[in-house]
Structures are given as C-alpha cells and as structure tokens.
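Worth saying up front: this structure is predicted, and the values here are computed from it rather than measured. Keep in mind that the numbers below use all heavy atoms, side chains included, and drop hydrogens, waters and symmetry copies.
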Amino acid sequence: MQLMDRLNEDVKRALKAKDKKRLSVLRGVKSSLQNEAIKEGRELQEQDALSVLNREWKQRKESLHEFENAGRDDLTEEIEKELAILSEYMPESLSEEELDRIVQETITETGASSGSDMGTVMSAVMPKVQGRADGKLVNQFVRKHLT
C-alpha cells in the first residue's frame with residue numbers, strides 16, 4: 001500500500017528531525033489505518049486508506065469549527081497545523097467542473113431521472129470521487145441535476 005509506506009517513511013523522517021507535531025499526527029493516522037485493517041480483518045486497499053484519511057480530515061475540520069466558535073485560538077492554531085500535515089496526504093480535490101461531469105455521467109449510467117433516484121446516484125458517485133470531493137458538495141450537484 002502506497003499510503004502506508006509513505007507514512008512509515010515520513011514517521012522516520014519526523015523522528016530524525018525531532019518534529020513532534022508531525023510525528024504525533026502521522027502516528028495517529030497510522031494507528032487509525034491499523035485499527036481499520038483489524039476491524040476489516042484484511043489489509044486495507046488504497047481506497048479504504050483514503051476513506052480513513054478522509055475521516056481523520058473531517059474530524060479535524062469539525063474540531064476546528066468548534067474551536068473557532070468557542071474562541072479558542074490556541075486550539076484552532078494546533079488543529080490548523082494538523083490539517084496542513086494531513087493535506088500532504090490527501091488526493092488532489094476535483095474541480096467543480098470535473099465533479100459536475102462525473103455526476104452527469106453517473107446519472108446517465110444509472111438512468112436516474114428524478115429526486116427519488118438520489119440514493120442510487122449518490123451510491124454510484126461516491127466511490128468515484130472518494131477523498132477528492134466533499135459529500136455535501138456531491139449531494140448539491142446530484143440534487144441540481146435531478147430536479
């Protein structure tokens with residue numbers, strides 16, 4: 001698995017550089033990946049690893065939002081650093097044009113024609129954009145094309 005190999009190498013570099021923040025974040029991600037592998041009972045595929053990475057990203061984004069609302073600038077700064085580290089491992093995001101094209105293609109593939117087909121389209125689109133587009137944005141595009 002590419003992501004796990006890259007994480008292992010970067011953990012070694014962070015240890016040598018004595019970069020405690022990076023080391024902490026990378027170890028946390030590795031731990032989450034290993035826990036997911038144990039839960040699944042198999043070695044994770046790249047797609048699974050991206051799912052776990054995306055979940056870690058979302059958790060930190062939610063924390064950032066909560067800390068900003070609470071006026072906790074000290075914690076906000078820490079979470080922003082963690083997000084910067086995680087962003088190095090996230091796949092490049094899709095542009096809105098690319099996402100729109102994927103949604104339109106999927107609607108055509110599935111034969112969807114109305115809002116009642118939303119679940120079918122969403123379940124077909126999400127694996128295609130895994131880790132590269134936010135689910136809320138995908139939902140908006142699907143709704144736009146099905147209404």
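- Here CG of Asn139 is found 13.0 Å from NZ of Lys144. Values are rounded to the nearest 0.5 Å.
- A distance of 6.0 Å separates CG in Leu86 from CG in Leu53, rounded to the nearest 0.5 Å.
- Donor-acceptor pairing under 3.5 Å is recorded for the side chains of Glu98 and Ser95.
- A 4.5 Å side-chain heavy-atom check between Glu43 and Asp48 finds every atom pair outside the cut-off.
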Hey, mind stepping through Ser32 and Glu56 against side-chain contact (heavy atoms from CB on, under 4.5 Å) and telling me if it holds?
CA-CA 8 Å; Ser32 293; Glu56 291 287 321; 2.5 Å; yes

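- A 4.5 Å side-chain heavy-atom check between Ser31 and Asn35 finds at least one atom pair inside the cut-off.
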Mind running side-chain contact (heavy atoms from CB on, under 4.5 Å) on Phe141 and Ile102 for me, showing each step along the way?
CA-CA 10 Å; Phe141 277 91; Ile102 291 170; over 6 Å; no

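- Note on Trp57: it does not cluster hydrophobically with Leu99, by side-chain heavy-atom contacts below 4.5 Å among ILVMFWY residues.
- The shortest side-chain heavy-atom distance between Arg60 and Leu64 does not fall under the 4.5 Å cut-off.
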For a side-chain contact (heavy atoms from CB on, under 4.5 Å) check, start with the C-alpha distance between Lys81 and Glu77, then their side-chain angles and the critical distance, and finish with the verdict.
CA-CA 6 Å; Lys81 289 177 186 175; Glu77 189 176 308; 3.8 Å; yes

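- In this structure, Met122 CE and Arg143 CZ are separated by 8.5 Å, a value rounded to the nearest 0.5 Å.
- Judged as a side-chain contact (heavy atoms from CB on, under 4.5 Å), and not counting sequence neighbours, the contacts of Glu9 are Lys12, Arg13.
- Checked for salt-bridge contact, Arg101 and Glu97 miss the test: no charged N lies under 4.0 Å from a carboxylate O.
- Using a 4.5 Å cut-off on side-chain heavy atoms (C-beta onward), Glu36 and Arg55 make contact.
- Salt-bridge check for Lys21 with Glu82: passed, with a basic side-chain N closer than 4.0 Å to an acidic carboxylate O.
- Between Arg22 and Glu88 there is a salt bridge, with a side-chain nitrogen of the basic residue lying less than 4.0 Å from a carboxylate oxygen of the acidic one.
- Using a 4.0 Å cut-off between charged side-chain N and carboxylate O, Lys58 and Glu62 make no salt bridge.
- Evaluation of the salt bridge (Lys or Arg N to Asp or Glu O under 4.0 Å) test over residues 64-73, restricted to residues two or more places apart or in two chains, returns Arg72-Asp74.
- Contacts of Leu146 classified as side-chain contact (heavy atoms from CB on, under 4.5 Å), with partners at least two apart in sequence or in another chain: Ile107, Ala112, Met118, Val121, Val142.
- The distance from the CZ atom of Arg132 to the CG atom of Asn54 is 12.0 Å, given to the nearest 0.5 Å.
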Test side-chain contact (heavy atoms from CB on, under 4.5 Å) on Met4 and Lys30; report intermediate values, then the result.
CA-CA 7 Å; Met4 197 60 144; Lys30 275 185 60 175; 4.2 Å; yes

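- To the nearest 0.5 Å, the span separating CG on Leu7 from CD on Gln34 amounts to 9.5 Å.
- In this structure, Ser51 OG and Leu33 CG are separated by 10.5 Å, a value rounded to the nearest 0.5 Å.
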